[in-house]
Structure formats: structure tokens, C-alpha cells
Engineer: 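I'd like to ask some things about the structure below.
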There are 2 protein chains.
Amino acid sequence: MSMINYELYKVFYLAAKTGSLTQAARLLYLTQPSVSHAIKQLESSLGATLFARNAKGVELTQEGAILYAYIEQAHTFITLAEDKMAELSNLESGELRIGGSDSLFKHYLLAYLEAYRLAHPGIAIRLIHGTTPELIASLKEGAIDLGVVRLPISDTQLEINRGIELQDCFVAGSQFSELKDQTLSMEQLLRYPIILFSRNSRARSAITDLFREHGHELTPQIEVGSVDLLLEFARKGLGISFVTREFAARHLEDGTLFAIKLDVKVPPSQVGFMTLRNMPLSKAAQQFLSMIG
Amino acid sequence: MSMINYELYKVFYLAAKTGSLTQAARLLYLTQPSVSHAIKQLESSLGATLFARNAKGVELTQEGAILYAYIEQAHTFITLAEDKMAELSNLESGELRIGGSDSLFKHYLLAYLEAYRLAHPGIAIRLIHGTTPELIASLKEGAIDLGVVRLPISDTQLEINRGIELQDCFVAGSQFSELKDQTLSMEQLLRYPIILFSRNSRARSAITDLFREHGHELTPQIEVGSVDLLLEFARKGLGISFVTREFAARHLEDGTLFAIKLDVKVPPSQVGFMTLRNMPLSKAAQQFLSMIG
DNA sequence: GTTAATCATAGACATGGTTTATGACTCCTA
DNA sequence: TAGGAGTCATAAACCATGTCTATGATTAAC
């Protein structure tokens, strides 16, 4: 490998382009002898005279012209690279890939994403949904920059940032209005039809575990696959849904749903942003996290 | 202009390609801290972290991967450039453009060109024919590397190398065999039909000038456009041709033509190789001249 | 727990690039 | 035709940059 100092090619490029060592020196913030020396070095490394020197400046020789054709291309790519990196740095372009659940995207991140998009329209936002283990795998493959999930998570390779706290609760519609002012026990609640999120959900296992700790088995009459359906089924009176209070906010406000008071405190759940401990965040992701945190 | 030291991109390229600063250092004949420092410098110049460092080596970040896509291209071009220059240096490729007259090509250069082609089959040979002023213009435009012409030539921008000496003479065929053993004066010669090369020829003006100096006007009965026709017409007995003895060698030997002895010495003409004084010769041209010189 | 990799850091060092000063040359202009 | 202003080249002093040595921190593997 000949391994010529690439910096010499920059000098050569500018000398060839301007047709003057003096001008090249000016562009490079160097002196003319320095450029002269650099060109001489390149010439001796390549074993060819690259320029004809004359009183008006320099002119490419046959060999110099051939070299220039290649170096011009190389220079173009490097310039493009520098421009691109500047864009990325200025958040004028780039990609922000977030993993999470659809409900967290919709009810928690949406507002931030809108603000982010407005502030940095050049950055493409990609939302990838999956379960927590899937998202951890995606992170480790580099398919996403960060994941938004319910805590706790224990994986030494991950770095966790806490987000908001969410309070899960049971909600019902007007068909069950007799429960509005009561405080129910677990036993009492279990007499009613229960609607839960489908298996593999962190929220679901949290609540069934809580019931089990108190000696009760929480078995749903209906299982659904989305938060929207949980809310919809509860509103239609098909049963009592276990949902995140914050996600039901609209319906709780307009009265189509109400929260049921339990005599047992349902522990809140923490939302967290997980990133790979070893992998530095992209500027786009850094900026997004800083907008939230 | 951000003007980052191009040499840093070489280090970055190898680090990214090998996935290891240590290995990159080995390829660059540097130490690992040096590479580490170079990468850090590049990162701070670009305002982005390019690598995730871990115990096994380094891995490109999102931004690093984007940069790599560009730098890989640039590196490819530079490598191609270096390969090409090595080829040119080794005379494995290139172009040799020679200007001259067809007769000089055929009768003088041909042997050298054959040898050259055999020795350097990778080099494309281009012969451009034209008059001396045309060739000088071609030289100055960079359209040819060297010109082969009759001397003298006076142009301060040109560098002249002497080639062989050619002796012009009058030749005739068997129809004029009575002249074979005579030594003619100019006056006597002028009684016969003369065949000259068409106007603008250096050889022609040399001989007409010589006659004029002696008070005679040499006016041809026939003008032809090539040396071959000069010889052909003389052989057919159409007249006495003024040709270069060396170009007529074959016919002088086989007796179809003979040289006429004049009582005036026709000064020999010198063939020269002209190159631009200011423009360094390509390797291909240097080699060619050295084969002749 | 030990070993052997990795990269990072700090400071000493020296190579190499830069500068200054000057010279040779060419072109243009008065 | 001389003078001036531009070009690039050269040489030597300088110094700053990049390099190395030495060491540390961390991680992975055995």
C-alpha cells in the first residue's frame, strides 16, 4: 500500500482547481512555499510530475490531469460527507427511531413527537412497535435508537431514563353507575365482568399479581388487544376495564367512563426510556430525550 | 469551509473497516493512542460521536455509519487514483501522442514505435499528422506530447532534441539513365521535368531557396502530396523527384531509382523532436525519447 | 480471579510541516 | 528597455502538530 498522506490530495485538488499554488495556499490558510512543498512531496510519492509551473501559475500535466479526475471525485464525496455531518449536527436531517407500544405512542409520546417534528422537520421519525423483549432486541441490533416501555427493566446493557408515572385503574361505564360512589374490595370487584389487555402485557401481569398476593384470582371475561378496545368495551357496558387512567382521561372527563375506587392501592407504573449503555445516542435522539427530560 | 484534515478520514476509514483502532493503527504503522487521538479529533470537528467503544473494539454509531458511506467512496477513488498513477509510472498504461508528417512516421519512427509498443503494450500510441505550424499549435494546446519535424525551428517556447540527419536529393528512374554518371549543374537539371512535394513543405522551400540563392527558379512540372507519390512518379519516368534519400533507400538499392549528382551540395536536413519547454513530459513520452536518444 | 484484550489519557518527544527570507524567472507596462 | 509585480523554487530555522511511551480503566473470556 502506497499510503500517501490524504492531506496532500486536498492541497493538490485546490492547486489544480485554482491553477495557482499561491491561491491554493490562500484557501488553505498556508503560505505558498508550504503548498509548493506539499505538491513536490506528492509528485515524488507518485513518481510523476503533476504540474507544469509557469509565470502565471500552474497547469496540470497529462498525468496530473488523470490524477485530478479521480481526486475531484474523492473531494466531492468528502465535501458531501462534511455537509451531511453538518446537517446531522444541526438536526436538519437524520432519523429518529423509537420503539414502544402503540398506546404509549398515542397517549404519551404524541405531543412530544409533534413538537419535535415542528422544531426539526428535516428529521425522519420512525416508530417501531413491539413488546419490551422485542424492543430490547431491536436496540441491541441497532434497529432503534431508544425504546419507551414500562419499568422496571433489568438489563445491564441498558441505560434507563425515567419518564412519567402512570396510574392504572378499573373503569366502567354508565351501566355500572351504582358503583360510582362506592369503594370496592377485590372480592366485590370480581363479581363483575372484567376486561383485560391480552396476555404478555406488563400492565396485566402487574394487576393479576397484585390480586394473587391478596389471595384472589383475576380472570378476565373478555381479553382485547388494544387500549382503545378496552375503553370502547367499557363504555358499551360489556364490563369493567383495567386501563391506564391517563389514557382514559378524555372519557373520564366527559363522564362516559368513571374510575372505580378500590380499597387496595394499585401501585403506579413508571414509564422509562431505554437506550443502549454502550452506544452513543445520535444527535436526533439526544435532542428528543432532552425535550422530554 | 470546515476544512478537516483529510488524513483523519483515512484513519477513520480503516478504523471503521477493521472495527478496531488497534488494527487500524497497525495498518497505518502508527500506535493505538495516535489513532484514538485522530478519531477523537475528527469527532470533535464534526460534532458527532462516530464510534461506540467497547471491549472488543469499536462500532460505528448512526452518524458514523452515515459518514462511512461517503468516506468509503472517497477512499475508493483515491485508491483508484493511486493505482492508476502507479500504472502510469510503470508504463503499464498511458497515452503517447506524437505529431509529425506521415513520411517521418513511416520511414523514421516506425521502427521505434514497434519497439515501444512491444516493450509497453499498455500504452496507447496516437499519431497526429500535420504541418509544422499545426503541430506547434497542437503542442501548445496540449493535444500532443511531442512533434517530429525538420529543423531548424525557432520558437522560444519549444525545446528541440536533434534526431537523425536526412539528406535530400534528386532521384530519377531508368528513363533518365543517361544522367546516372554525370554531375549536373542546376541549369542542366532545370531542363528536365521536376516533381516536388506540394507547397508548404519544409523540404521544398529549402531546395527552392537554394536554387534561388544561385540565381535559378525551381518550378516543378508536377506537384504531389506524398513521399510515396514522389517516388512512384519518378519510377514511372514522369520526371525527376526531389526526395529524402533515406526514404528512397529501397528503390535506390533495387536500382529502380538512382540519385542524381549535383555540383552544388544540398545541405542535409536535421530531424528534431520538439516538446514544450514549460510542460514536463509524461512518463510515456520520456521513455519514448530515451529509446531514441 | 486472573489474564489478555480493548480504548483513553497524559505528558514527553521529535518528526514534519510551516514559515521566513530570498532567488530565479516571466509577463506586462511605462 | 527597464521596472514592477506576479509567478514558483529553495534553504534553513522554527515550532506545532502528531506521535510515542507509559499507564489506567474497562470489559470479556477462561
Side-chain angles (χ1 to χ4, degrees), chain A residues 2-45 48-61 64 140 155-159 276-280, chain B residues 2-45 48-61 64 140 155-159 276-280:
Chain A
S2 63
M3 272 302 161
I4 291 171
N5 189 333
Y6 277 14
E7 187 67 359
L8 297 180
Y9 290 120
K10 183 160 78 190
V11 178
F12 168 75
Y13 171 75
L14 287 171
K17 191 176 182 193
T18 61
S20 156
L21 303 195
T22 306
Q23 263 189 274
R26 205 163 296 141
L27 293 175
L28 290 161
Y29 303 105
L30 295 177
T31 57
Q32 170 268 317
S34 187
V35 171
S36 183
H37 182 233
I39 296 298
K40 185 151 294 251
Q41 218 177 319
L42 188 59
E43 286 181 328
S44 95
S45 296
T49 305
L50 300 172
F51 290 107
R53 281 79 163 168
N54 55 51
K56 302 186 140 174
V58 293
E59 192 184 345
L60 286 169
T61 60
K140 291 182 179 174
D155 185 320
T156 54
Q157 290 185 51
L158 299 181
E159 170 112 15
L276 268 189
R277 184 175 294 280
N278 290 326
M279 178 60 67
Chain B
S2 64
M3 273 303 162
I4 291 170
N5 188 333
Y6 277 15
E7 187 67 357
L8 298 181
Y9 290 121
K10 182 161 79 190
V11 178
F12 168 75
Y13 172 75
L14 287 171
K17 192 177 182 192
T18 61
S20 156
L21 303 194
T22 305
Q23 262 189 276
R26 206 162 296 142
L27 293 174
L28 290 161
Y29 303 103
L30 295 178
T31 56
Q32 169 268 317
S34 188
V35 171
S36 183
H37 183 233
I39 296 299
K40 188 151 292 253
Q41 219 177 321
L42 188 59
E43 286 181 328
S44 95
S45 296
T49 305
L50 300 172
F51 289 107
R53 280 80 161 169
N54 54 52
K56 302 186 138 175
V58 294
E59 193 184 345
L60 286 169
T61 61
K140 292 183 179 173
D155 185 317
T156 55
Q157 289 185 55
L158 299 181
E159 170 111 17
L276 269 189
R277 183 175 295 280
N278 290 327
M279 179 59 68

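The chains referred to below are lettered A, B, ... by the order of the sequence lines, with proteins before strands, and numbering in each begins at 1.
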Engineer: OP1, OP2 of D:dC8 versus side-chain N and O of A:Thr22: anything below 4.0 Å?
Structural biologist: yes
Engineer: Any chance you could measure B:Arg277, atom CZ, to A:Asn54, atom CG, to the nearest 0.5 Å?
Structural biologist: 14.0 Å
Engineer: For A:Thr61 and A:Thr49, indicate whether the former's side chain and the latter's backbone hold a donor-acceptor pair under 3.5 Å.
Structural biologist: yes
Engineer: Contact class for A:Asn278 (heavy atom, under 4.0 Å): base, sugar-phosphate, or nothing?
Structural biologist: nothing
Engineer: From NZ of A:Lys56 over to C1' of D:dA5, roughly how many Å is that when rounded to an integer?
Structural biologist: 14 Å
Engineer: If each of A:Ser20 and B:Asn5 is mapped to the nucleotide of DNA chain D with the nearest heavy atom, which maps nearer the 5' terminus, i.e. the 5' end?
Structural biologist: A:Ser20
Engineer: Backbone N or O of B:Leu14 within a donor-acceptor pair of the B:Thr18 side chain at under 3.5 Å?
Structural biologist: yes
Engineer: Show, in sequence, the C-alpha distance, side-chain angles and deciding distance for A:Ile39 and A:Arg53, and conclude whether the side chain to side chain contact (heavy atoms under 4.5 Å, CB included) test is met.
Structural biologist: CA-CA 11 Å; A:Ile39 296 298; A:Arg53 281 79 163 168; 3.7 Å; yes
Engineer: Does A:Gln32 reach a base, just sugar-phosphate, or nothing at all? Heavy atoms under 4.0 Å.
Structural biologist: base
Engineer: Angle between the two end axes of the helix from C:dG1-D:dC30 to C:dA30-D:dT1, five base pairs per end, rounded to 10 degrees?
Structural biologist: 30°
Engineer: B:Tyr6 OH to C:dG17 C1': how many Å, rounded?
Structural biologist: 19 Å
Engineer: What is the distance from CD of A:Glu59 to P of D:dC8, rounded to the nearest Å?
Structural biologist: 13 Å
Engineer: Mind calculating the distance between CZ (B:Phe12) and C1' (D:dG18) to the nearest angstrom?
Structural biologist: 20 Å
Engineer: Which sits closer to the 5' end of DNA chain D, B:Tyr29 or B:Asn54, going by the nucleotide each is nearest to?
Structural biologist: B:Tyr29
Engineer: Looking at the side chain of A:Pro33, which of C:dT19, C:dT6, D:dC8 is the nearest nucleotide?
Structural biologist: C:dT19
Engineer: Could you check B:Lys40 against B:Arg26 and say which one's nearest nucleotide on DNA chain C is further toward the 5' end?
Structural biologist: B:Arg26
Engineer: Does A:Arg53 have a side-chain nitrogen or oxygen under 4.0 Å from the phosphate oxygens OP1 or OP2 of D:dA9?
Structural biologist: yes
Engineer: For B:Leu21 and D:dA25, what is the distance between atoms CG and P respectively, to the nearest whole Å?
Structural biologist: 19 Å
Engineer: Is there a side-chain polar atom (N or O) of A:Ser36 under 4.0 Å from OP1 or OP2 of D:dC8?
Structural biologist: no
Engineer: Determine the contact category for B:Thr31: base if any of its heavy atoms lies under 4.0 Å from a base atom, sugar-phosphate if only primed atoms, P, OP1 or OP2 are that close, otherwise nothing.
Structural biologist: base
Engineer: Let's go through B:Val11 and A:Tyr6 carefully: what are the C-alpha distance in whole Å and the side-chain angles of both, what is the deciding distance for side chain to side chain contact (heavy atoms under 4.5 Å, CB included) to 0.1 Å, and is it a yes or a no?
Structural biologist: CA-CA 10 Å; B:Val11 178; A:Tyr6 277 14; over 6 Å; no
Engineer: Please report the distance, rounded to the nearest Å, between CD1 in B:Ile39 and P in C:dT6.
Structural biologist: 16 Å
Engineer: Starting at CG of B:Asn5, measure out to CD of B:Gln41 and round the result to the nearest 0.5 Å.
Structural biologist: 7.0 Å
Engineer: Does the pair B:Glu7/B:Lys10 count as a salt bridge with the N-to-O cut at 4.0 Å?
Structural biologist: yes
Engineer: Quick check on B:Lys140: does its NZ atom have over 12 non-hydrogen neighbours (other residues, nucleotides or ligands) under 6.0 Å away?
Structural biologist: yes
Engineer: Between D:dA16 atom P and A:Leu30 atom CG, what is the distance in whole Å?
Structural biologist: 15 Å
Engineer: Can you check the A:His37 NE2 to D:dC14 C1' distance for me, whole Å?
Structural biologist: 14 Å
